[in-house]
Amino acid sequence: MATQIHWFPGHMNKALHEVEEKVKLVDVVIELLDARAPLSSVNEQLEKIIQNKKRLYVLSKPDLADPSQTDKWKQYFQKDGNLVLVLNLTDANSTKEISKAINILGKEKWEKQKAKGMKPQPIRTMILGIPNVGKSSLINRIAKRSAAGVQNKPGFTRGEQWIKVNNDYLLLDTPGILPMNYEDQRKATNLALLGAIREDILPKSDLVNSLLKILKAKYPNSLQNRYGIDEIGEREEVLKAISNRRGIISNKGEIDIAKCENLLLKEFKDGLLGRMTLEWL
Ligand SMILES: Nc1nc2c(ncn2[C@@H]2O[C@H](COP(=O)(O)OP(=O)(O)O)[C@@H](O)[C@H]2O)c(=O)[nH]1
Ligand SMILES: [Mg+2]
């Protein structure tokens, strides 16, 4: 039985409220989801708040995820007519696809403005997502390419910084960080495995057990190359094999369990065990 995770509705509400206020400023929300656990990356409470906003989903870190699962998740998020991009945000080309998608999402607003005899205004966008999903990477990439920021013009609230990406769209320069709902143990475990929330919300051994369960079921050969483990067994067995292979031994000459666990979790997170998805469709 996994240890109960404590979470605080008060903190969650405050964080949600902050995001809600930011969302009001924009036409389009660019929501980043980790391709390795897309559903765990979604905050359901937030869904209620931004229902009526145009949305662009970006499945990030596809280079670390299982490609066949990423295809399925792309289709899954497209099903309500949403635009979905699969983008490695460490790749310089990722911003071009975003611009194209914003143009598609902005069309309706521009047409309305034209019908009223107005000059089409740049679409206002913001980036939203859980910690570590790639928000800063994307903003930095976009900001580097854009000529200038805009601020303190009519129609803009003071203190907000907007990046003028091109003539078609603006990007709020600070992302919205999605609050976590730790109530769902399975999601919290996935997020801890990906490094989106602190690992210490759960005992390491619980995290390792969850990881091994997934590896055993979906990627049974994943521990062969790095640790020489042909068949994934119980946690103790796996850690012993890692300790032997890497010479991870405590001063007393025993297996250093904590170090072996940390190594396994880190190498998974960094993609060294292969491209893997935690949530399957
Ligand atoms: N492999 C890979 N790493 C990524 C990708 N996007 C972001 N990262 C890395 O993930 C880490 C967290 O990214 P960051 O942009 O700071 O996430 P933020 O917390 O949402 O702002 C950094 O080390 C990035 O280089 C991606 O698509 N693939
Ligand atoms: Mg950041």
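Whatever order the structure lists them in is the order used to number ligands and atoms, beginning at 1.
No donor-acceptor distance shorter than 3.5 angstrom exists from the side chain of R55 to the backbone of V28, with no hydrogens or angles considered. A donor-acceptor pair under 3.5 Å is absent between the side-chain atoms of S94 and the main chain of L87, judged by distance alone. At distances below 3.5 Å, not a single donor-acceptor pair connects side-chain atoms of N209 with backbone N or O atoms of L212.
At a cut-off of 2.8 Å, measuring from the Mg ion (ligand 2), the protein N, O or S atoms that fall short of it are S136 OG, waters left aside.
Of all protein heavy atoms, the one lying nearest to atom 16 (O) of ligand 1 is S136 CB, 3.9 Å. Of all protein heavy atoms, the one closest to atom 3 (N) of ligand 1 is T90 CG2, 3.6 Å. The nearest protein atom to atom 26 (C) of ligand 1, hydrogens excluded, is given as N88 OD1, 3.4 Å; this is a heavy-atom distance. If you check which protein heavy atom lies closest to atom 1 (N) of ligand 1, you get D63 OD2, 2.6 Å. Nearest non-hydrogen protein atom to atom 7 (C) of ligand 1 is S137 OG, 3.6 Å. Nearest protein heavy-atom neighbour of atom 17 (O) of ligand 1: G134 N, 3.0 Å. The protein non-hydrogen atom at the shortest distance from atom 19 (O) of ligand 1 is N132 N, 2.7 Å. When hydrogens are left out, the protein atom nearest atom 8 (N) of ligand 1 is K61 CE, 3.7 Å; that is the closest non-hydrogen contact.
With respect to R186 and E279, a salt bridge is recorded, a charged nitrogen being found less than 4.0 Å from a carboxylate O. A salt bridge does not link D63 with R275: none of the charged nitrogens is closer than 4.0 Å to a carboxylate oxygen. A salt bridge is defined here as a Lys NZ or Arg NE, NH1 or NH2 lying under 4.0 Å from an Asp or Glu carboxylate O, and R235 with E261 meets this definition. Using a cutoff of 4.0 Å between basic side-chain nitrogens and carboxylate oxygens, K24 and E21 are scored as salt-bridged.
Some N or O of V133 is nearer than 3.5 Å to an N or O of ligand 1, by distance alone. Inclusion of L89 in the set of residues having an N or O under 3.5 Å from an N or O of ligand 1 is warranted.
For R245 against N225, the heavy-atom pair with the smallest separation is NH1-O, 3.8 Å.
A donor-acceptor pair shorter than 3.5 Å can be found between the side chains of Y227 and E267. Looking at K259 and N262, their side chains never bring a donor and an acceptor atom within 3.5 Å of each other.
Short contacts between ligand 1 and L64, defined as distances under 4.0 Å to a heavy atom of the residue, involve ligand atoms 1 (N).
Residue L281 belongs to a hydrophobic cluster whose other members are L33, L39, V42, Y57, L59, W73, Y76, F77, V84, V86, with links defined by side-chain heavy atoms closer than 4.5 Å.
Taking 4.0 Å as the cut-off, N140 does not count as a neighbour of ligand 1 on heavy-atom distance.
Residue contacts with ligand 1, taken as heavy atom pairs separated by less than 4.0 Å, involve L87 solely via the backbone atoms N, CA, C and O.
Taking CD1 of I139 as the reference point, atom CE of M126 lies at 8.5 Å (rounded to 0.5 Å).
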Inset, instruction - Could you go through the side chain to side chain contact (heavy atoms under 4.5 Å, CB included) check for Q78 and Q75 one step at a time? - result: CA-CA 5 Å; Q78 273 171 341; Q75 286 169 26; 4.3 Å; yes
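Distance remark: protein heavy atom not present below 4.0 angstrom from atom 23 (O) of ligand 1.
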